[in-house]
2 protein chains.
Amino acid sequence: MREIARRAGVSCATVSRVLSGSSLVREDTAKKVRDVVSEAGFIPNPSAAMLKYGRSRTYGLVLPDLQNPFFGEFVGAFEDLLIDIDHEVLPISVQTSDKLVKSVRRMLMRQVDGAVLVSSEFDTGAVEPLLLRQIPLVTVDRRSVQVGCSDVSIDYERGFVEAVLHLKSLGHKRIGYIGGTKGPHTSEVRANAFEQAIRGAGLVFYPGLTRRGNYQVTGGEAAVMSLMKMPAPPTAIITANDLTALGAALGIHRLGGVVPRDLSIVGVDDLFLSEVVQPPLTTIRIPRKRLATACLQAMNYTKQNLERIGAEFSVPTQLIVRESTARPKSAPKKKSKR
Amino acid sequence: MREIARRAGVSCATVSRVLSGSSLVREDTAKKVRDVVSEAGFIPNPSAAMLKYGRSRTYGLVLPDLQNPFFGEFVGAFEDLLIDIDHEVLPISVQTSDKLVKSVRRMLMRQVDGAVLVSSEFDTGAVEPLLLRQIPLVTVDRRSVQVGCSDVSIDYERGFVEAVLHLKSLGHKRIGYIGGTKGPHTSEVRANAFEQAIRGAGLVFYPGLTRRGNYQVTGGEAAVMSLMKMPAPPTAIITANDLTALGAALGIHRLGGVVPRDLSIVGVDDLFLSEVVQPPLTTIRIPRKRLATACLQAMNYTKQNLERIGAEFSVPTQLIVRESTARPKSAPKKKSKR
DNA sequence: CTGTTAGCGCTTTCAC
DNA sequence: GTGAAAGCGCTAACAG
């Protein structure tokens with residue numbers, strides 16, 4: 001920078017002013033500086049500014065599992081948003097929850113300006129250091145907020161209602177559910193949302209038709225195996241995410257069955273792959289862009305209201321009907337009229 | 001840090017020495033400092049060190065497409081490796097090649113200590129600024145090196161040979177290929193590798209049975225449609241990656257056919273999803289961990305030999321046989337004995 | 001062994 | 001409108 005100042009015949013203070021777009025510089029001086037800057041290919045070093053202000057222009061993004069394509073896509077969406085405001089993303093994948101403690105340390109080291117926690121599977125203790133240091137937090141679908149921490153919830157409720165109505169209109173009455181393993185809180189919320197969607201549609205909720213999964217293919221497969229072994233198995237299921245749904249489809253196939261003939265399946269996420277598998281998956285889409293936007297919005301809110309309880313944001317979902325759902329085998333023909 | 005020094009009754013130089021593990025400190029002093037550090041939850045600010053040494057302990061990772069799960073998995077593998085050496089990864093997804101210029105700028109700003117370029121689809125000009133600033137570069141599968149830039153190639157050759165032999169042993173003779181769109185160089189290399197694998201196996205290479213794809217599902221689908229319309233379509237194909245293979249399978253399905261009955265398909269990557277689709281995909285596995293390790297190794301080599309031409313590293317591939325390959329419809333029964 | 005000090009690159013008062 | 005200078009947190013050379 002000194003070098004630029006020297007070449008332009010000004011001081012580094014002036015160069016700094018030009019670069020930060022201060023209007024206190026005469027236009028011809030500014031132009032000259034800009035010329036020298038671009039000619040020399042000068043790129044300012046933000047670490048110096050960071051050192052001075054303690055802000056890194058970086059947000060931590062804690063994800064449970066980069067193997068799930070959904071999160072890869074989400075990182076991309078979030079990154080795009082940050083580019084526009086000249087920030088970076090520090091992605092952190094946390095397979096096991098004890099790694100969160102280390103991750104928090106990493107974020108602290110890198111002086112992140114905030115953190116988005118997409119794995120809700122964590123105990124508050126782990127993020128305590130972040131809160132203590134006044135780092136704004138945003139959780140996704142944790143359904144609870146606290147001082148310095150906002151939440152963006154994904155509106156599964158609406159998606160579940162749409163999905164259940166769709167299944168009901170096809171003639172399904174015994175609808176099962178394969179959930180996730182996450183923190184008791186979220187799991188509870190979702191299971192309740194499912195139950196209410198069922199009841200809201202005027203159907204009977206069968207607790208015996210719900211299973212736990214692990215948000216992965218393996219969990220969906222195991223759960224569907226267990227479900228189909230029952231004396232009265234479900235004719236349709238809704239799963240916690242597309243990976244679980246894919247696992248369920250695989251399980252049906254292993255059992256010698258066919259989707260949707262033997263079981264209708266509804267996923268959640270709408271991975272771009274869900275469209276190309278056979279059969280293409282009916283799923284409740286979580287819009288990544290909107291989710292990313294809401295996270296950033298929540299981040300800004302939290303930052304500006306650090307002393308107050310965080311706000312709750314919500315992202316809508318949308319049912320995408322494809323071919324993994326159909327009329328149940330046993331459905332009386334007349335139902336088709338409805 | 002001053003605060004810590006004050007509390008421990010030492011100077012900040014001593015604190016710094018303790019934190020960096022210097023042995024020049026008496027054990028009891030060091031212990032005391034460590035106690036204070038952990039009690040106060042002190043976390044050093046690396047930007048200061050960065051400012052001083054110009055090193056950020058961050059590597060840029062330029063990826064073509066975070067939507068392809070392979071890259072998500074690769075980011076995870078690379079991140080794991082970097083954690084061990086206390087570095088971070090700055091992931092940058094580059095959809096269009098003109099964005100590379102901006103990305104390069106971002107990496108320069110963040111003072112990355114090096115960059116791994118997984119999209120080989122770029123002209124050398126775009127990364128010139130990196131080279132100029134003596135930032136070590138590693139390309140993946142670019143098959144060329146230069147001063148300050150090493151390459152890690154993926155041994156498609158071996159994978160193609162294995163795949164062709166596998167298909168030949170099943171009785172296939174007309175084997176097609178759906179490539180990618182990447183820079184002319186890599187595409188050429190792969191197409192050649194395919195051709196040689198075919199010839200090496202004593203089969204006839206039919207140029208008319210090769211198509212270009214786009215490394216995505218859409219490309220595979222379009223290419224297979226075109227291929228199957230031919231008077232004498234292939235009985236098996238090898239594709240540039242699993243997404244293309246999935247697209248090809250989808251295309252066959254759209255055409256009313258069945259994989260592998262109407263066409264055997266071999267992919268490349270071994271996405272974890274490839275195992276769970278129907279039929280599970282026969283594919284040439286690229287080991288992410290080994291690839292990540294090789295990239296880091298290449299990075300270290302380049303860093304230590306910045307003045308010299310980079311080295312070439314290679315990562316082996318491995319054929320994983322699943323159910324998307326089978327004997328061709330037309331195969332004479334006696335072939336089965338072989 | 002430990003303390004003092006200078007300086008990394010930048011921004012930002014405060015003078016001029 | 002512009003320059004001079006201090007200071008962000010840390011490290012390394014040097015002094016003690």
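Per chain, numbering begins at 1; letters A, B, ... match sequence-line order. Heavy atoms only: backbone and side chains are in, while hydrogens, waters and symmetry mates are out.
Atom-to-atom, CE of A/M50 to C1' of C/dG9 comes out at 13 Å; the value is rounded to the nearest Å.
Non-hydrogen atoms lying under 4.0 Å from DNA chain D are contributed by A/G9, A/V10, A/S11, all within residues 4-11 of chain A. DNA chain C lies under 4.0 Å from at least one heavy atom of each of the following residues of residues 26-38 of chain B: B/R26, B/T29.
Salt bridge present: B/D35 and B/K31 bring a charged side-chain N and a carboxylate O closer than 4.0 Å. With respect to the salt-bridge test (charged N to carboxylate O, under 4.0 angstrom), the residues A/R34 and A/E27 qualify.
Distance CG/B/N241 to CG/B/D269: 5.0 Å, rounded to 0.5 Å. Here the CD1-CG distance, from B/I43 to B/L19, works out to 11.0 Å after rounding to the nearest 0.5 Å.
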TODO: Verify side-chain hydrogen bond (donor to acceptor under 3.5 Å, both in side chains) between B/T139 and B/D151, making sure each step is shown before the conclusion.
DONE: CA-CA 5 Å; B/T139 54; B/D151 188 60; 2.5 Å; yes
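Each salt bridge (Lys or Arg N to Asp or Glu O under 4.0 Å) pair with one or both residues in residues 73-87 of chain B, not counting sequence neighbours, appears once here: A/K99-B/D80, A/R106-B/E79, B/R57-B/D86, B/E73-B/R288.
For the pair B/S153 (side chain) and B/F313 (backbone), a donor-acceptor distance under 3.5 Å is present.
Using cut-offs of 30° and 60° on the angle between ring planes, the pair A/F78 and A/Y59 is tilted.
Applying the ring pair (Phe, Tyr, Trp, His ring centres under 6.0 Å) criterion to B/F70, with sequence neighbours excluded, gives no partner residue.
Scanning both residues, A/C149 and A/T302, for their nearest heavy atoms gives N-CG2, 3.8 Å.
When side chains are defined from C-beta on, A/L117 does not count as touching A/V140, because their heavy atoms never get closer than 4.5 Å.
From one end of the helix from C/dC1-D/dG16 to C/dC16-D/dG1 to the other, with five pairs defining each end axis, the axis direction shifts by 40° (rounded to 10°).
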TODO: Using a 4.0 Å cut-off on protein heavy atoms (strictly under), produce a 5'-to-3' string for nucleotides 8-16 of chain D with B for base contact, S for backbone-only sugar-phosphate contact, and - for none.
DONE: BBSBBB---
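When each of B/R55, B/R110, B/Q111 is paired with B/M50, the side chain to side chain contact (heavy atoms under 4.5 Å, CB included) condition holds for B/Q111 and for no other.
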